2 protein chains.
Amino acid sequence: MSARTEQLLKEKKIKITANRILILELLLNSSHSLSIADIEEDLPWADRATIFRTLKTFEDNALLHAIKDNEKSVKYAVCSDACQVDHHKIHPHFHCDVCGNTFCLSEYNFQLPQLPDNYTANKYSLIINGICSNCQK
Amino acid sequence: MSARTEQLLKEKKIKITANRILILELLLNSSHSLSIADIEEDLPWADRATIFRTLKTFEDNALLHAIKDNEKSVKYAVCSDACQVDHHKIHPHFHCDVCGNTFCLSEYNFQLPQLPDNYTANKYSLIINGICSNCQK
DNA sequence: CTCAAGTTTGCAATTAAATTGCATCCACAT
DNA sequence: ATGTGGATGCAATTTAATTGCAAACTTGAG
Ligand SMILES: [Mn+2]
Ligand SMILES: [Mn+2]
Ligand SMILES: [Zn+2]
Ligand SMILES: [Zn+2]
């Protein structure tokens, strides 16, 4: 297990198990967010329910966040530090219509819009569809 | 059938049927977006599959748009004219965490963020969670 | 080191929404 | 008025998410 993985789990007091190590490292090493099915594919011996509950545990402990990018299934990405700061406020993510990958634009800030009168905002979720740099012709 | 309903359907060359009239009027008269289940509840004699295909037809003809507000089911709202202009670009919607309703903020404009190099945007979907004016204490 | 207590896991089953096949029915252009 | 392509109802299927439960783990106290 990498030092980073161990640190993240201990920091959040999450019990260290084989499943959690491998799922977390998979997410840490991925350039884009992953669905439960993606993880199942990469860890064929792992059980779907276990992956589901592992991700839920990570999410509950703010180790990652769930991204609903308008595709069929939910994707997950590890929170970068920058992302974690406003973990429950701003979530800009980019979905590439060519490769189908979803990227977390955690560094990326956008101007918060002014809401109509008497509306209070708790959280913003922004999904941008388009073409990523890898797929640019 | 209201004049507005008739006009919308004829304009888009959608065959006029009892189902379509009632579903469209339901959406037109609703202050917030509706799920298939919501429509089923309001039109108990209507078939789920028919509602589904009716909404799909409306969506294909840009009469309404689908909203994925991070709840379990997709919601639908009729496009206002203002909304239609940028129908495929900007979709700000507000989900109230108290009443659970989702509102189309079609008039509402926000500053488009600058994307990282080599990223091209086709569409923005913004979901804002919070408390709506009706639910404000 | 050993063990108990509480967690996590695997497997199977269930939920819930979206989606489809197909035979029949209907809107509407001619 | 009528024929035809599209719309509908009903039942079945798909697919992802979610849960129940007993067995297998992790960890810290002794
Ligand atoms: Mn993020
Ligand atoms: Mn809209
Ligand atoms: Zn791409
Ligand atoms: Zn409300």
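Computed from a predicted structure; not experimentally measured.
Atom CD in A/E40 sits roughly 10 Å away from atom P in D/dA17 (whole-Å rounding). If you measure from atom NZ of B/K72 to atom P of C/dA17, you get 9 Å, rounded to the nearest angstrom. Here the P atom of nucleotide D/dT18 and the CG atom of A/D60 are 12 Å apart, to the nearest Å. Atoms CG (A/D69) and P (D/dA16) sit 13 Å apart, rounded to a whole Å. Atom CZ in A/R48 sits roughly 20 Å away from atom P in C/dT8 (whole-Å rounding). Atom CG of A/D47 and atom P of D/dA16 are 16 Å apart (whole Å). Between the CD atom of B/E71 and the P atom of C/dA16 there is a distance of 15 Å, given to the nearest Å. Rounded to whole Å, the distance from CD1 on A/I51 to P on D/dA16 is 13 Å.
Of the inter-residue distances, the one linking B/H65 atom NE2 with B/S33 atom OG reads 8.0 Å to the nearest 0.5 angstrom. Distance OG1/B/T17 to CG/B/L22: 8.5 Å, rounded to 0.5 Å.
Residue B/H32 comes nearest to B/T102 through the heavy atom pair CB-O, 3.2 Å, listed as atom of the first residue, atom of the second, then distance.
The aromatic rings of B/F94 and B/F103 are tilted relative to each other, their planes meeting at an angle between 30° and 60°.
Residue contacts for B/S73: at a heavy-atom cut-off of 4.0 Å it reaches the sugar-phosphate backbone alone, with no base atom in range. Counting non-hydrogen atoms under 4.0 angstrom, A/R53 reaches a base of the nucleic acid.
Nearer to the 5' terminus of DNA chain D, by closest-nucleotide assignment, is the contact made by B/A46 (compared with the other of B/A46 and A/K15). Nucleotides of DNA chain C nearest to B/V74 and B/T17 differ in position, and the one nearer the 5' end is that of B/V74. Looking at which nucleotide of DNA chain C each of A/A18 and B/A49 is closest to, the 5′-most match is held by A/A18.
Contact between the side-chain N/O atoms of B/N19 and the OP1/OP2 oxygens of D/dG9 is found at a separation under 4.0 Å. Taking only side-chain nitrogens and oxygens, B/T54 comes nearer than 4.0 Å to OP1 or OP2 of D/dT8. Between D/dG9 and B/T50, a contact under 4.0 Å exists linking OP1 or OP2 to a side-chain N or O.
B/R20 places a side-chain N or O within 3.5 Å of a backbone atom of B/K15 that can act as its donor or acceptor partner.
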